[in-house]
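Read through the structure below, which is laid out as structure tokens, and then see the notes.
Each chain gets a letter, A, B and so on, in the order the sequences are listed, and its residues count up from 1.
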Amino acid sequence: METRSPIDYEEKWIKRWKEAKIFEADPDPSKPKYFICVPYSYQNGPLHLGHGFTYTRGDAYARFKRMQGYNVLFPWAWHWTGEAVAGTSERLKRGDESIRRMLIEIDGVPEELLEKFTDPVFVTKYYTEENKVVVDAMGFSVDWRREFYTTDLHPYYSRFIQWQFITLKNRGYVAIGKHPVVWCPNCKSATGDHDRLIGEGVSPEEYVLVLFKFNDAYLAAATLRPETVFGVTNIWINPNHEYALAEVDGKKYIVSKRAAEKLREQKNVKILGSVKPEDLIGKYAEAPLIGKPVPILPADLVDPNFGTGVVYSVPAHAPYDYAGVIALRSNEERLRRYGLKEIVEKIKPISIIRVPGYGDYPAVEEVERLGIKTDTDSRLEEATKTIYSKEFHEGIMKENCGEYSGKSVNEARDLVKAKLIELGLGDIMWELPEKVVCRCGTENVVKIVENQWFLRYSDPEWKEKVRKHLMKMEIYPEEARQWFLNVVDWLRDWACTRKTGLGTRLPWDPEWIVETLSDSTLYPALYTISKYPNLNLIKPDQLTLDVLNYVFLGLGNVEEVAKKVGVDVDLLKKMREEFLYWYPVDMRISAKELVPNHLTFYIFNHVAIFEERHWPRGVGVNGMVNIEGEKMSKSRGNFIPLKKAIMKYGADVTRATLLLAAEDLDDPDWRERNAIEIKNMINQLLRIVREVASAELVEENAVDSWLMSRLQRRIENITEWMENLKTRKAFHDALYGLYNDWRWYIRRTGGSISKIGREFIETWIKLLAPFIPFTAEEAWSILGKSGFVSVEKWPAPRGELINPEAELAEELIMRLMEDIRSIINVIKEKPKKVYIYVASDWKRGLLERTLNLLKEGRSREIGELIKWIISNKPELKKIAANLAKLMIENISSLIQNYRFEDLMAAAERELDIYKSASEFLTSELGIEFEVHSEDEEGLYDPKKKASSALPLRPGIYAE
RNA sequence: GCGGGGGUAGCCAAGUCUGGUCAAAGGCGCAGGGCUUAGGACCCUGUCCCGUAGGGGUUCGUGGGUUCAAAUCCCACCCCCCGCACCA
């Protein structure tokens, strides 16, 4: 399906830009370079408004830098690596109706192609073609000669990835090990979040198995709180469940049957037999570390399907356990059947943790407070959470905890765990805190994957290098820096390989494929040379390790390398030079969801592989697009592909609507209303341009100076905001700020336009070019300009055109208009005539005094002004206080933008300013005006308004 | 739980770092007027409450505090959004 904008000129400019090759960038030593990129997107669907937002920001910045005179490289590529597309194909093959519908209705895939979607490679190809059209349609200023996609389906991408991984491995950044994953025993694969029927977001948790010696075996109790073993009073088992006796890594465990099965995926397990609950209940097992025999008791709270089905009981600190004791005590039948009465009576909670806000037995307190009587009461969950968290954060181990006494619970937990394992009395079991069910309907377990390859992001030295570099990087907005630093602290080793999906084979262990977030960390470097193989200057298989080592790291003897692979030495040298010219990346722009993964990995990998001078310089992050205030998602039905937005509103409207919606970490909200409004605005802009293009230019006047002055200030602000990636502010001011200036100008000139007015419009178009490039080009050509505004020079503010006097004069006129309106509003009838009284000359002394007072921060010393007024004009005694107060209020709002001299000068010219504006005021308000000075002889002033006149605030009388 | 961001007028959204210029930009919506054959677009005005003179009153999640002065600084609390590893 074609992507066609309703705006006729958009297509035209895409074509012209392409023909003129203005976005193709080659090294040019005479120009400063700027390398900006955005993360490539996974090709499992159409680009949507979320991509559109990040990419438009990137493009606007690229265009801005280009206009500033930088040699800008803005390349593009496509991510094919991953498992999701394979999943889609698989579901389609199985005849999944929902995926069919989604592809047709939401992604807009033609029905006849659906058959081919059972092939993942076809899917990625299809979307790459579709999306490339969209990227052009959006007006992104891409150098397409450098395009590529990932995986070993591409002629050379995998060579790059293999080089990267071999380099990482050689430098010790790759490790092999075990790794827990959520596992579907039926599908025999890891179950990602999106492949789940139940249990989204659930990940494996590490439980400690505390081993209680029982004959020649161990009762293995699973716990998150091994430190509480000092408070154990008994063991709970489920009286209705037959347990398994199993050999686990050479040791005999008694656990529930389900647990034995689960452990099979994690350890070496041999099931030896079963154990009846009656064989355990009433007997004793020995608690580790304290060597105390504790009785084994029955409880309904024990779920054989969770953990090991064996629980050790700490009634002082675990509400469930205390409730279990209560429940058992009152269960006469059970006590009799197992002969437990005496044992149970002796059980007393043992306090081992001191925690503020509770006495010795927090669990007892909570259970009694809530009046809980059974061990299956649902309120126990809440009580457990409360105590767990409180004790973890504030709890201290008491004197009865051996070497752990006095330590925080937090600390003791890890120490006890380590000790138990060291003594062979503890073990690890991974378990899912909640039920997870695979799409296939099978309940999942945790599997330990063996021989998993990792990137060693936990390496303290590596982290430290990254942290240090982060402190030097430009990060926009600044708040994101701390976030990055936290991520670095938190980061663990990353399982970097998978068994399924598309990607690049791990060079030294080809049964593994480099996973998607690990093969996308270094590729900006590839952009610097990808045009060579793309233009057939070097063959993909000539990009050997030696060649890449030379090009990216400067290693080896270039003559020898060239000879070995059979390419021209100069070509290799040129590639090396091109890499050195462009690298490092100056700016990478992305959505904030990539901070905790991709962007951080990107920095880690650069730091690991390249020389320091090639580490990333800047990162900009932004929020994630909402639609009409709601999160965008296919399942909500509010998913908007970029293509759809373009076809409805055009690219510039789409770009503008997104850019105006938010900046920094705020999430932009796409609102249809805004898009419509912006469409009108853009039409209006072109209307103005056409009008100006054909206008007969008149002589300049004072308002022209005002207009130019405003323009300089706007340029200054817009430029500074852009430098800091404040795209919303910058564009908002470029669009609406300048528009409002223009409207005022037209009002003041009565619609006539001077040479200056035209110059303003030309500059305005340049300032808009990074944001709405199509409209800007169209406007540029309407103005009769040749060439592209896209490569025009970005306007620089001209200090000599800043004219505070002209600005102040206009501001005074605006204020006067407001005051008159305000009066009319209150008296509720339109006056026949309005008299303006400019303050008497002597009052300028008052202005001077007021300015001094404010300058010195003594705005409260109003008494000084009052005294001064009275000493000059005793007859004003009554209103002196009022005048002084008004004076301060009026001036304090001006003093921020204008200097002392400007204000004094304006006060001297005030009469002229109002007189020359009186015609304008009449046309605006439809009222006759007379402007007088308070000093005039025989002044017409029936309501004595003239005496209330102050410098820069005339008196007004309406009749 | 841990980490990050945020709560401003009917809605969206600036302002918060650097307290006074803040009844608080801009846009939308709404109301009135203009233009127009009409609609749309466009232009002007108004849009917290009160007010027959440019003024006054009460607001910026909640509750305290600092200060001559707080949307802005400090403390506590409530609520919302995002990320947390095999989805990219």
Side-chain angles (χ1 to χ4, degrees), chain A residues 39 41-42 44 79 81-85 87 179-182 189-195 201 203 385 388-389 392-393 449 452 457 477-480 482-484 486-487 489-498 501 515-517 520 591-598 623-624 626 629 631 660-662 664-667 669 671 673-674 676-678 680-681 683-684 687 728-729 732-733 735-737 739-740 743 746-747 815-816 818-829 831 854 857 859-860 886 889-897 924-925 943 945 948 953-958:
Chain A
S41 66
Y42 185 51
N44 68 333
H79 208 190
T81 308
E83 300 166 290
V85 171
H179 185 58
V181 296
V182 179
S189 70
T191 312
D193 248 6
H194 301 292
D195 293 324
S203 50
K385 270 192 191 153
Y388 180 103
S389 148
F392 177 73
H393 293 287
V449 178
Q452 168 69 57
Y457 293 140
E478 184 55 39
E479 301 96 88
Q482 190 53 47
W483 189 1
F484 274 110
N486 290 336
V487 170
D489 284 342
W490 267 89
L491 211 58
R492 308 199 291 266
D493 286 349
W494 182 264
C496 63
T497 53
R498 296 283 182 280
E515 66 79 50
T516 178
L517 280 171
S520 55
K592 63 185 176 184
E593 59 174 347
L594 299 188
V595 170
N597 44 65
H598 166 73
M624 308 190 22
N626 287 330
K631 194 181 160 142
L660 289 173
D664 296 347
L665 295 178
D666 293 338
D667 295 328
D669 191 4
R671 296 203 177 240
R673 271 232 164 286
N674 293 352
I676 293 167
E677 187 276 320
I678 287 159
N680 287 337
M681 182 63 205
N683 285 335
Q684 174 66 359
R687 213 173 300 142
R728 196 199 97 93
K729 266 195 197 70
H732 191 272
D733 208 48
L735 189 62
Y736 294 111
Y739 178 53
N740 286 334
R743 272 198 302 197
I746 289 299
R747 261 169 97 178
R815 283 173 171 232
L816 177 59
E818 259 168 51
D819 279 349
I820 295 166
R821 280 220 170 88
S822 167
I823 290 167
I824 293 172
N825 194 28
V826 174
I827 63 177
K828 291 197 173 75
E829 64 181 286
L854 290 174
S859 58
R860 280 183 299 139
L886 273 175
E889 275 175 11
N890 194 50
I891 297 309
S892 59
S893 64
L894 288 169
I895 203 161
Q896 208 69 13
N897 294 321
E924 282 284 318
L925 299 165
K943 285 231 171 143
K945 294 290 178 187
S948 71
R953 188 186 188 271
I956 299 165
Y957 168 61

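Taking the C1' atom of each, B:A14 and B:A23 are spaced 15 Å apart, rounded to whole Å. Going from the C1' atom of B:G65 to that of B:C12 covers 33 Å, rounded to whole Å. Using C1' as the reference atom, B:G29 and B:G10 are 8 Å apart when rounded to the nearest Å. For the P atoms, the distance linking B:U72 with B:G64 amounts to 14 Å, nearest Å. Here the separation of B:G83 from B:A9, taken at their P atoms, is 27 Å to the nearest Å. With both ends at atom P, the span from B:A88 to B:G19 equals 48 Å, rounded to whole Å. Here the separation of B:C22 from B:U66, taken at their P atoms, is 27 Å to the nearest Å. B:G61 and B:A71 are spaced 12 Å apart, taking the C1' atom of each and rounding to whole Å.
Separating the CG atom of A:Asn626 from the P atom of B:C11 is a distance of 17 Å, rounded to the nearest angstrom. Spacing between atom CG of A:Asp664 and atom P of B:G15 amounts to 8 Å, rounded to whole angstrom units. Atom-to-atom, CZ of A:Arg815 to P of B:U21 comes out at 12 Å; the value is rounded to the nearest Å. In this structure, A:Phe484 places its CZ atom 16 Å from P of B:G83, rounding to the nearest Å. Here B:G20 presents its P atom at 18 Å from CG of A:Asn890, a figure rounded to the nearest Å. Nucleotide B:G83 holds its P atom 16 Å from the CH2 atom of A:Trp490, rounded to whole Å. Straight-line distance from the CG atom of A:Asp667 to the C1' atom of B:G83: 12 Å, rounded to whole Å. The distance between atom OH of A:Tyr736 and atom P of B:C42, rounded to the nearest whole Å, is 10 Å.
Ring geometry for A:Tyr736 versus A:His732: interplanar angle of 30 to 60°, hence tilted.
Relative to the side chain of A:Lys729, the nucleotides B:C11, B:G15, B:A88 differ in distance, and B:G15 lies closest. Here the side chain of A:Gln684 is nearest to one of B:G4, B:C43, B:G83, namely B:C43. Of all nucleotides listed (B:A85, B:A88, B:C82), B:C82 comes nearest to the side chain of A:Lys592. Distances were taken from every side-chain heavy atom of A:Leu665 (C-beta onward) to each of B:A85, B:A88, B:G4; the shortest belongs to B:G4.
Nucleic acid contact class of A:Glu479 (heavy atoms, under 4.0 Å, all strands): sugar-phosphate only. Residue A:Trp483 is classed as a sugar-phosphate contact, given heavy-atom separations below 4.0 Å to backbone atoms only. At a threshold of 4.0 angstrom between heavy atoms, the contacts of A:Thr191 are confined to the sugar-phosphate backbone, with no base atom among them. Residue A:Asp666 is classed as a sugar-phosphate contact, given heavy-atom separations below 4.0 Å to backbone atoms only. Here A:Arg492 lies in heavy-atom contact (under 4.0 Å) with a base. Nucleic acid contact class of A:Asn597 (heavy atoms, under 4.0 Å, all strands): base. Among the atoms of the strands shown, only primed sugar atoms or phosphate atoms (P, OP1, OP2) are found under 4.0 Å from some heavy atom of A:His79. Contact annotation for A:Asp733: no contact, since no heavy-atom pair falls under 4.0 Å across all strands. Within the 4.0 angstrom heavy-atom criterion, no nucleotide atom of any strand lies near A:Ala190.
Here the side chains of A:Glu924 and A:Ile820 are not in contact, with every heavy-atom distance at 4.5 Å or above. The closest side-chain heavy-atom distance from A:Thr81 to A:Ser520 is not below 4.5 Å. With a 4.5 Å cut-off on side-chain heavy atoms, A:Arg728 and A:Asp666 do not count as touching. Between A:Ile956 and A:Leu816, the closest side-chain pair of non-hydrogen atoms falls below 4.5 Å.
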Q: Kindly indicate, with the supporting measurements, whether the criterion side chain to side chain contact (heavy atoms under 4.5 Å, CB included) is fulfilled by A:Leu660 and A:Asn674.
A: CA-CA 9 Å; A:Leu660 289 173; A:Asn674 293 352; over 6 Å; no

Find every protein N or O atom lying less than 3.5 Å from an N or O atom of nucleotides 30-36 of chain B, and list the pairs.
none

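Between A:Asp667 and A:Lys592, at least one side-chain nitrogen of the basic residue sits less than 4.0 Å from a carboxylate oxygen of the acidic one, meeting the salt-bridge criterion.
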Q | Protein-to-nucleotide contact annotation, 5' to 3' order, nucleotides 44-60 of chain B [B base; S sugar-phosphate only; - none; under 4.0 Å, heavy atom] | A | SS-----BSBBSS----

